[in-house]
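This report refers to the structure that appears directly beneath it.
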2 protein chains.
Amino acid sequence: MEKIKIPKATAKRLPLYYRYLIILNEEGKEKVSSTELSEAVQVDSASIRRDFSYFGALGKRGYGYDVKSLLSFFKKILNQDTLTNVALVGVGNLGRALLNYNFKRSNNIRISCAFDINQDITGRILSGVPVYDMSELKQQLSDQQISIAILTVPSEQAQATANQMFEAGIKGVMNFTPIRISAPSTVRVQNVDLATELQTLIYFLESDEAAKESNEE
Amino acid sequence: MEKIKIPKATAKRLPLYYRYLIILNEEGKEKVSSTELSEAVQVDSASIRRDFSYFGALGKRGYGYDVKSLLSFFKKILNQDTLTNVALVGVGNLGRALLNYNFKRSNNIRISCAFDINQDITGRILSGVPVYDMSELKQQLSDQQISIAILTVPSEQAQATANQMFEAGIKGVMNFTPIRISAPSTVRVQNVDLATELQTLIYFLESDEAAKESNEE
DNA sequence: TGATATATGTGCATGATTGAACAATCATTT
DNA sequence: AAATGATTGTTCAATCATGCACATATATCA
């Protein structure tokens, strides 16, 4: 349906725009300018206009963008009109936290099943989500037509578990383990590496500090 | 001390390299080539070599890189020789999970104090970390000389809480709320937006799918 | 010792991303 | 109806990041 080629950087910002549009709409705002949006999402206003323009002329010159129509447009683009079910693989500390995380409110995403090998929790329902044994992965994913999974197992089991997931037909993985898992080319992996991000932050702070000191000299 | 200008993209990869070097070292490997590393961290080997070269000639032609010396070099660069204490602000589901997350093992980072407004948990010790009331923020951060914090409060309180943190002298924030908080220019904010990342993954999958279908026509 | 294989460090060309600037266009006011 | 003001959509130049390709240097083996 969509034949438009969207730059990667733009695609990453779309959900961000979408969320702010929801907020604006709830506040009852009818129009919004790229400058206003720019302040809220902290993206240059020209970039916002260009991002939008990939989808056509969505705004009106001298006026701005109509919140409601922009919202409903992005709702379609981002497949927010239908609920997306995802699976959670690995119900440890982080997994449990994600079970309680409300992806649904502004994103229409729902964790509809979870998997683990711990007999103490399999067969139970945690935070409203049934937890199955890993042996049921293939069957459940197929039954529920789920192709996206969140991976939150210990690093040592990351690759082996991922392989099972690919076997079971998973096409997209949000990988919370620090391991860069290798995957078939048909599968997309998004890495969320908490320790690395924190360490990068620290590194930048140190170099900020160093730069400041050398300026003072 | 460091006068080297490192590209942002490189800086983001450093912790990744560092972690794999630790693993290699534990496995007892003595040397490693950029090609080998490339497979593990999934970064082009030429990029790895260039990343390393910003710090000088760390390798030997025809041989590769000495794991131990590379490791100790990066340990210094990344300030891994001293423990970095950080604070956690907001002890909800995600906050609790992070309290249990082991940043220390491969990153020498430790959450040494947490803050919340919930009287049921303030004054207690959770997962080995003392939880203080928000009113003690300034005092504790100053006493413990902490300048980095993880923000995991509900979105509605994100900006107000962040302001308190800046007031208390925080210089780096890892922001888990979906709100783009505004901060003084002296403060660095790293956003980790879980819902957005998941949604971006879904978006890419959809467009992959669309591309495949149009190829089949 | 000489030949061969290996792997670094880097020049270069290409592609992606960004922000400034501005003409084009629309809304609003007089 | 004309003038004014606002804001888009887009061109352009500059910056950043990537991966190829290869000269250069080192190790290894005959």
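Each chain gets a letter, A, B and so on, in the order the sequences are listed, and its residues count up from 1. As the structure is a prediction and not an experimental result, all values here were calculated from the model.
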Handout entry: Residue pairs passing the salt bridge (Lys or Arg N to Asp or Glu O under 4.0 Å) test where at least one lies in residues 52-72 of chain B, sequence neighbours excluded
Key = none
Exercise for the section: Would you list the pairs meeting salt bridge (Lys or Arg N to Asp or Glu O under 4.0 Å) in which at least one residue belongs to residues 87-105 of chain A, sequence neighbours left out? Expected result: A:Glu26-A:Arg105
Problem - Sequence neighbours excluded - salt bridge (Lys or Arg N to Asp or Glu O under 4.0 Å) pairs with any residue from residues 188-199 of chain A - result: A:Arg180-A:Asp193, A:Arg188-B:Asp208, A:Asp193-B:Arg19
Handout entry: Interatomic distance, A:Leu37 CG vs D:dT7 P [rounded to whole Å]
Key = 12 Å
Exercise for the section: For the pair A:Val67 and A:Glu30, evaluate side chain to side chain contact (heavy atoms under 4.5 Å, CB included) and give the outcome as yes or no after the intermediate values. Expected result: CA-CA 5 Å; A:Val67 173; A:Glu30 291 192 349; 5.9 Å; no
Fill in the blank from the handout: Whole-Å distance, A:Leu58 CG to D:dT10 C1', equals 15 Å
Practice task
Check side-chain contact (heavy atoms from CB on, under 4.5 Å) between B:Lys138 and all other residues, then give those that pass, not counting sequence neighbours.
Solution key: B:Glu167, B:Ala168
Fill in the blank from the handout: B/S/- along nucleotides 12-22 of chain C (protein heavy atoms under 4.0 Å) is B----SBBBB-
Completion exercise
Under a 4.0 Å heavy-atom criterion, the protein footprint on nucleotides 25-30 of chain D, written with B, S and -, is BBS---
Practice task
Report the residues that fulfil side-chain hydrogen bond (donor to acceptor under 3.5 Å, both in side chains) with B:Thr177, sequence neighbours left out, ordered by chain and then residue number.
Solution key: B:Asn175
Exercise for the section: Determine the contact category for A:Ser45: base if any of its heavy atoms lies under 4.0 Å from a base atom, sugar-phosphate if only primed atoms, P, OP1 or OP2 are that close, otherwise nothing. Expected result: nothing
Completion exercise
Those residues at least two apart in sequence (or on a different chain) that pass side-chain hydrogen bond (donor to acceptor under 3.5 Å, both in side chains) with B:Ser112 are B:Gln144
Exercise for the section: Round to the nearest Å and state the distance from A:Asp66 atom CG to D:dT7 atom C1'. Expected result: 15 Å
Practice task
Return the residues of residues 187-195 of chain B meeting this criterion: a heavy atom under 4.0 Å from some atom of DNA chain D. Order them by number, or give none.
Solution key: none
Practice task
Determine the contact category for A:Tyr65: base if any of its heavy atoms lies under 4.0 Å from a base atom, sugar-phosphate if only primed atoms, P, OP1 or OP2 are that close, otherwise nothing.
Solution key: sugar-phosphate
Exercise for the section: Would you please name every residue forming a side-chain contact (heavy atoms from CB on, under 4.5 Å) with B:Ala11, sequence neighbours left out? Expected result: A:Tyr203, A:Phe204, B:Ile6
Exercise for the section: Give one of base, sugar-phosphate or nothing for A:Thr35, where a contact means two heavy atoms less than 4.0 Å apart. Expected result: nothing
Exercise for the section: Using whole Å, report how far CG of A:Leu70 lies from P of D:dT7. Expected result: 16 Å
Practice task
Identify, with sequence neighbours excluded, every residue that meets ring-ring contact (aromatic ring centres under 6.0 Å, His included) alongside B:Phe52.
Solution key: B:Tyr17, B:Tyr65, B:Phe74
Handout entry: Whole angstrom value for the distance that separates C1' of D:dT18 from CD of B:Gln42
Key = 16 Å
Handout entry: Side-chain N or O of B:Ser34 closer than 4.0 Å to phosphate OP1/OP2 of C:dT8
Key = yes
Fill in the blank from the handout: So the salt bridge (Lys or Arg N to Asp or Glu O under 4.0 Å) pairs with at least one residue in residues 34-54 of chain B (sequence neighbours excluded) are B:Arg13-B:Asp51, B:Lys29-B:Glu36
Exercise for the section: Check whether more than 12 heavy atoms from other residues, nucleotides or ligands sit under 6.0 Å from atom CD1 of A:Ile117, and answer yes or no. Expected result: no
